[in-house]
Amino acid sequence: MNETPHRYTAALADRIENAWQDRWEEEGTFHAPNPAGSLADPDKVATFGGHLLVLDMFPYPSGAGLHIGHPLGYIATDVVARYNRMLGKNVLHCLGYDAFGLPAEQYAVQTGQHPRKTTEDNIAIMKRQLRRLGLGHDDRRAIETIDPDYYRWTQWIFLQIFNAWYDPDAVRPDGGRGRARPIADLIAGLESGERPTPDGQPWADLDEVERAAIIDGHRLAYTHEAPVNWAPGLGTVVSNEEVTNEGLTERGNFPVFRKNLRQWMMRITAYADRLADDLDRVDWPEKVKLMQRNWIGRSQGARVSFPVVGMDATIDVFTTRPDTLFGATFMVLAPEHPLVPALTAPAWPEGTKAAWTAGQESPEGAVAAYRLAASRKSEVERQRETKDKTGVFTGGYAVNPTTGAPIPVFIADYVLMGYGTGAIMAVPGQDQRDWDFAEEFDLPIIRTVEPTPDHDPGLAFVGDGPAINSANDELSLNGLTIAPAKERMIAWLQEKGFGEGTINYKLRDWLFSRQRYWGEPFPVVFDEHGIVHALPESMLPVELPDVPDYSPKTFDPQDNSSSPEAPLSRVPEWVEVELDLGDGRGRRRFRRDTNTMPNWAGSCWYYLRYLDPSNAASFLDPANEAYWIGPRDTPVIAGTADPGGVDLYIGGVEHAVLHLLYARFWHKVLHDLGHLTSDEPFRRYFSQGYIQAPAYTDSRGQYVEAKEVVQTADAAGEPVFTYRGAVVNREFGKIGKSLKNMVSPDEMYAAYGADTLRLYEMGMGPLEHSKPWETKAVVGSLRFLQRLWRIVIDEDTGAVRVADVSPDDATLRVLHRSIAAVREDYATLGFNTAIARLTELNNALTKLEVVPRSVAEQLVLMVAPLAPHIAEELWNRLGHPESLAYAAFPLPDERYLVEETVTCVIQIRGKVRDRVEVPAGIAEDALRDLVMARPKVLDAVGGGVRTVIVRAPKLVNVVPL
RNA sequence: GCGCGAGUGGCGGAAUUGGCAGACGCGCCAGACUUAGGAUCUGGUGCCUUCGGGUGUGCGGGUUCGAGUCCCGCCUCGCGCACCA
């Protein structure tokens, strides 16, 4: 230790890193000036050559602190940010905290403290851990969603949405149709009679409650009584997006039941088309675009009405295959379908088959039993019992409009109430599910598409082919393939009034209220008629009151008879208020809403507040919006209109259909209402991989503490892992408490320093890949920094050891090739290859007796985005008192990028057999002559030459006869 | 089942338009320094080999002077969706 007192060690790194972090903070090194508002510095803005907004996903401060997987994306954005500052751009990079929500509340309940206390404690821990990483954040913009100055604007945005409706006919600036408009426009239209009321009654004749119902039926945020996802074990309802495909809550894995409750909804379905279409205008991973498209689930088809026999009613279905309507031999309704009771016949009609009755005396008994059984099943059970078709006959019949034939109507749980109309026309010939049901219940099967000759006669035919058995007196589809047959059928349905072409979506409206304490209160009140009133802006924020007990009322997770109880309902003095809403009606008594917003609310717009964090007059100054995220002249996707938005958003793929969809929706509403020039929030999104760490299971399959596992090798040299003497099994998985494989960044800071950790995480492999963490490999990154240090600093004396000499030609070539490659790699997020190139240069300089100052300085500048502290320190010791944060990134000199001579590879029959140094500009003929005279070539072509391929100057391939 | 992505040394991973496979790092081997080394430094390291060479990018075919890269057919793994009408 003593012999090299100035070696770069973890201890030295610790001193250097802390010192630079202090200096950056004192000098406000990473403060990005705004064009307008409280952070404005227009003169400084003008000094930059362009601007860049890089964004990390909004972190949630967990109680456990960070693990080494968390910083991966933060380091990557920091490298991009630092690199772009060195290119002369005004770079905005900051980080705030998403602090409302379930986990904080659960942690608070567990520890018996107020969620504000635990949340703030957790933020403090996370801030310390992240500061130690040396991220170049503008700390003036570190917002927190729980801050009333922030959620005041979350509530304000909610009111914007509440006070808006979607006008599908309004023309947008981009020429498309459909946009949000102020609700006042709708009311004015209703008042003037320009817009009729739904049932045609004059507006003036309606009472207050009736009017409110009509208006609320159009609002983009509305309360609605409908089946929602109720999780008794969590004590709250959750959105569709928060239910896993196993029918469990994303948080906590609690069973979810459908329950009719009045809840806040967001009319995201109004934006379904734009949310799907505009994916074409953003630069996102195809995989994530696909996930959103699947979630929106747009499908083209037709709505068809089937008259019910003996009733003045129709069963409406949605189908993507109207061309197969002639083959519809029965219908199936979801058990919950509202028409079921009316359809159910008093007695089994003539022709009822035994299999249709489930052994019951009457249709009523059969239907009731089946509906009861279906209602008792949780989502999990319904998902699990796939394939086996069950159902019962209602005793009712509907008429196939093409044939006039009565067809039986069944209920079955393979038809879901939540999709389409909750009813289907069953076409067993062309749909395997219907085929299975038809076989099970002995129903007729009519093929209406000619199957291919090799098609299994025991299966439905879903492929394309000519229509058969598809004609009546007015219409014949026979011979047509699917696409024209659909067209013809839709035209006929429309003409006859039986249906029309339509588009169906899987996307449902967004359930927006939660029965929890730790969230934003709704900025609304209800009057004595139950009518919702928005609070005037002057009453914002509606602060979250203290409650005697903030823990949610939870129930047995399986108890679907329970109902949610919001903690805010425990403070009647807060709930019951007397207010003057400024509507000219004076002080009146109201009830506040005891629900709170989901934590998606705060994270739906945080990136907007980053742009103008302390604006008290507005959520965001338009000048700041236009500057940072306004649409660009050069579109991010060629051939489309640039949507504007964040330049680079890096984060995990887990929010592909949650946060990323919700944020796009809010952004579009705010755009429609004229608050934003951009119409997408994130013009470029990059999905990072995960860091996985080894986890170990013992003989019982239990996870054991990974830190205590010892690795040895058996006789064959294969690794063996033992825990307290017992052999354990290694696997790789997500880092965390559950797998007992936590690795904290604090451990890495202590053992190696932050720069080493940064370098290691960026060097592991492509950012988008998931890759295994290996603590023992981190030393490679430390060695890199030690060599870098040694290039500049004498390890014995601590003196700067570079010399003011001119670099030799070979060194200049390595240097400039590195500069060109590293620039390219930084621009494309290829950090692992950038590090490889820097390592090569570093190793080349290590071998020099005398290191030229100019080369060392350029290396230091190039390393700076990755390992900023050591770079700043070396830059400083090299005699530059200013921070290198805004120093110009090295430029490659073209002269050193072209080689004078290159190694030409000589292949014989495609195999490398010889090499020769040739001038880079050698002519093809000269090279051929030179190569053909080589002894190895002469040996090989004794029998004559078939052909010679010359790719001057790098390759010649000689093919002998 | 449908869709998407990926398979390269012991490991993580590199390879413009098809043109020297394995950059860079870990590990491993040898050496230096050292009382010591799980520090640091230097060199080596795909596999096989009779040391000439042979062989090699999941498997099988194809195109080409030449294929990790392009085409066809499989296999395996990962992710997403899934009774979506």
- Counting heavy atoms from C-beta on, name the nucleotide in B:A85, B:C79, B:C65 closest to the side chain of A:Ile949. B:C65

- Assign each of A:Arg951 and A:Met425 to its nearest nucleotide of RNA chain B by heavy atoms, then name whichever residue's nucleotide is nearer the 5' end. A:Arg951

- Note on the structure: Read 5' to 3' with Watson-Crick or G-U pairs under 3.5 Å, [ ] for crossing pairs and | for partners on another strand, RNA chain B gives (((((((..(((......[....)))((((((.......))))))(((....)))..(((((..]....))))))))))))....

- Indicate the ring-plane relationship of A:Tyr760 and A:Trp773, choosing parallel, tilted or perpendicular according to the 30° and 60° boundaries. perpendicular

- Query: For residues A:Gln300 and A:Thr320, is any side-chain donor paired with an opposing acceptor at under 3.5 Å?
  - Reply: no

Please produce a list of atom pairs where a protein N or O lies less than 3.5 Å from an N or O of nucleotides 44-49 of chain B.
none

- Query: How many angstroms lie between atom CG of A:Leu785 and atom CZ of A:Arg758, to the nearest 0.5 angstrom?
  - Reply: 11.0 Å

- Query: Is A:Val462 close to A:Trp435 at the side-chain level, that is, under 4.5 Å between some pair of heavy atoms?
  - Reply: no

- Message: For B:A14 and A:Asn832 - does any side-chain N or O of the residue sit under 4.0 Å from the phosphate oxygens OP1/OP2?
- Response: yes

- Message: Can you tell me which nucleotide in B:A14, B:G43, B:A85 comes closest to the side chain of A:Lys847?
- Response: B:G43

- A:Val779, nearest nucleotide to its side chain (from B:G3, B:G27, B:A85): B:G27

- For B:C11, does OP1 or OP2 lie under 4.0 Å from any side-chain N or O of A:Lys776? no

- Rounding to a whole Å, what distance do you find between A:Trp295:CH2 and B:C4:P? 21 Å

- Selection from B:A14, B:C83, B:U42 that lies nearest to any side-chain heavy atom of A:Thr846: B:U42

- Which part of the nucleic acid, if any, lies within reach of A:Ala777 when heavy atoms closer than 4.0 Å are counted: base, sugar-phosphate only, or nothing? sugar-phosphate

- Query: Distance between the P atoms of B:C28 and B:C75, in whole angstroms?
  - Reply: 39 Å

- Task: Return the value, rounded to whole Å, for the distance between atom CG of A:Asp914 and atom C1' of B:G53.
- Result: 16 Å

- Mind checking A:Gln786 for me? I need base, sugar-phosphate or nothing, with any heavy atom below 4.0 Å counting as a touch. sugar-phosphate

- So which nucleotide from B:C65, B:C84, B:C41 ends up closest to the side chain of A:Lys506? B:C84

- Message: What is the distance, to the nearest angstrom, from the CG atom on A:Leu845 to the C1' atom on B:C41?
- Response: 17 Å

- Do any side-chain nitrogens or oxygens of A:Arg913 fall under 4.0 Å of OP1 or OP2 in B:G54? yes

- Message: Applying a 4.0 Å non-hydrogen cut-off, can you work out what A:Arg787 is touching in the nucleic acid: base, sugar-phosphate, or nothing?
- Response: sugar-phosphate

- Item | Rounded C1' spacing from B:A14 to B:G68 in Å | 12 Å

- What's the spacing between A:Arg321 CZ and A:Met489 CE if we round to 0.5 Å? 11.5 Å

- Going by distance alone, is a donor N or O of one side chain under 3.5 Å from an acceptor N or O of the other, for A:Asn504 and A:Thr502? no

- Query: Has A:Arg790 got a side-chain N or O lying under 4.0 Å from the OP1 or OP2 atom of B:C41?
  - Reply: yes

- Item | C1' gap between B:A23 and B:U8, integer Å | 13 Å

- Are any of A:Asn843's side-chain N or O atoms less than 4.0 Å away from OP1 or OP2 of B:G25? yes

- Whole-angstrom distance between B:A15 and B:A21, as gauged at atom C1': 7 Å

- Query: Roughly how many Å is it from CG in A:Asn842 to P in B:C41, rounded to a whole number?
  - Reply: 11 Å

- B:C65 base to A:Asn957 side chain: any donor-acceptor pair below 3.5 Å? yes

- Do the side chains of A:Leu757 and A:Val778 get nearer than 4.5 Å, heavy atoms only? no

- How close or far is atom C1' of B:A15 from atom CG of A:Asp825, stated in whole angstroms? 12 Å

- Identify which nucleotide among B:C81, B:A39, B:A85 has an atom closest to any side-chain atom of A:Arg7, counting heavy atoms from C-beta outward. B:A39

- Reckon A:Val912 touches a base, only the sugar-phosphate, or nothing at all at heavy-atom distances under 4.0 Å? sugar-phosphate

- Item | Inter-nucleotide P distance (B:G78, B:G27), Å rounded | 29 Å

- Per the glycosidic torsion and the 90° limit around 0, nucleotide B:G52 is syn

- Query: Is the phosphate of B:G25, meaning OP1 or OP2, less than 4.0 Å from a side-chain N or O of A:Arg783?
  - Reply: no

- Task: Output yes when A:Lys389 and A:Asp434 qualify as a salt bridge under the 4.0 Å nitrogen-oxygen rule, no when they do not.
- Result: no

- Message: Between B:C72 and B:C4, how many Å separate the two P atoms, rounded to a whole number?
- Response: 13 Å

- Query: Would the A:Phe330 and A:Phe441 ring centres measure less than 6.0 Å apart?
  - Reply: no

- Query: Has the side chain of A:Arg837 got a donor or acceptor that lies under 3.5 Å from a partner of the other kind on the base of B:C24?
  - Reply: no

- Item | For atom CZ of A:Arg293 and atom C1' of B:A82, their distance in whole Å | 19 Å

- Query: Should the pair A:Asp436-A:Arg433 be classified as a salt bridge under the 4.0 Å nitrogen-to-oxygen rule?
  - Reply: no

- Of the listed B:A14, B:G12, B:G19, the closest approach to the A:Leu955 side chain comes from B:G19

- Syn or anti for B:G38, please, going by whether the chi angle lies within 90° of 0. anti

- Item | A:Lys287/A:Glu768 salt bridge by N-O under 4.0 Å criterion | no

- Task: For A:Arg433 and for A:Val653, locate the closest nucleotide of RNA chain B by heavy-atom distance; then report the residue assigned to the nucleotide nearer the 5' terminus.
- Result: A:Val653

- Message: Heavy atoms from C-beta onward define the side chain here; which of B:G13, B:C83, B:C26 lies closest to that of A:His769?
- Response: B:G13

- Where the side chain of A:Thr839 is concerned, which of B:C20, B:C24, B:C79 is the nearest nucleotide? B:C24

- Can you tell me how far P in B:G9 sits from the matching atom in B:U69, rounded to whole Å? 15 Å

- Query: Reckon A:Glu840 touches a base, only the sugar-phosphate, or nothing at all at heavy-atom distances under 4.0 Å?
  - Reply: sugar-phosphate

- Can you find a donor-acceptor pair, distance only, under 3.5 Å between A:Glu286 side chain and B:G5 base? no

- Task: Flag the pair A:Glu654 / A:Glu250 as yes when at least one side-chain heavy-atom distance between them is below 4.5 Å, and no otherwise.
- Result: no

- Using the ring of each side chain (for Trp, its six-membered ring), is A:Phe461 parallel, tilted or perpendicular to A:His455, with breaks at 30° and 60°? perpendicular

- Item | C1' spacing across the pair B:C26 / B:C20, given as an integer number of angstrom | 25 Å

- A:Lys389 has a side chain; which of B:C83, B:C65, B:A85 sits nearest to it? B:C83

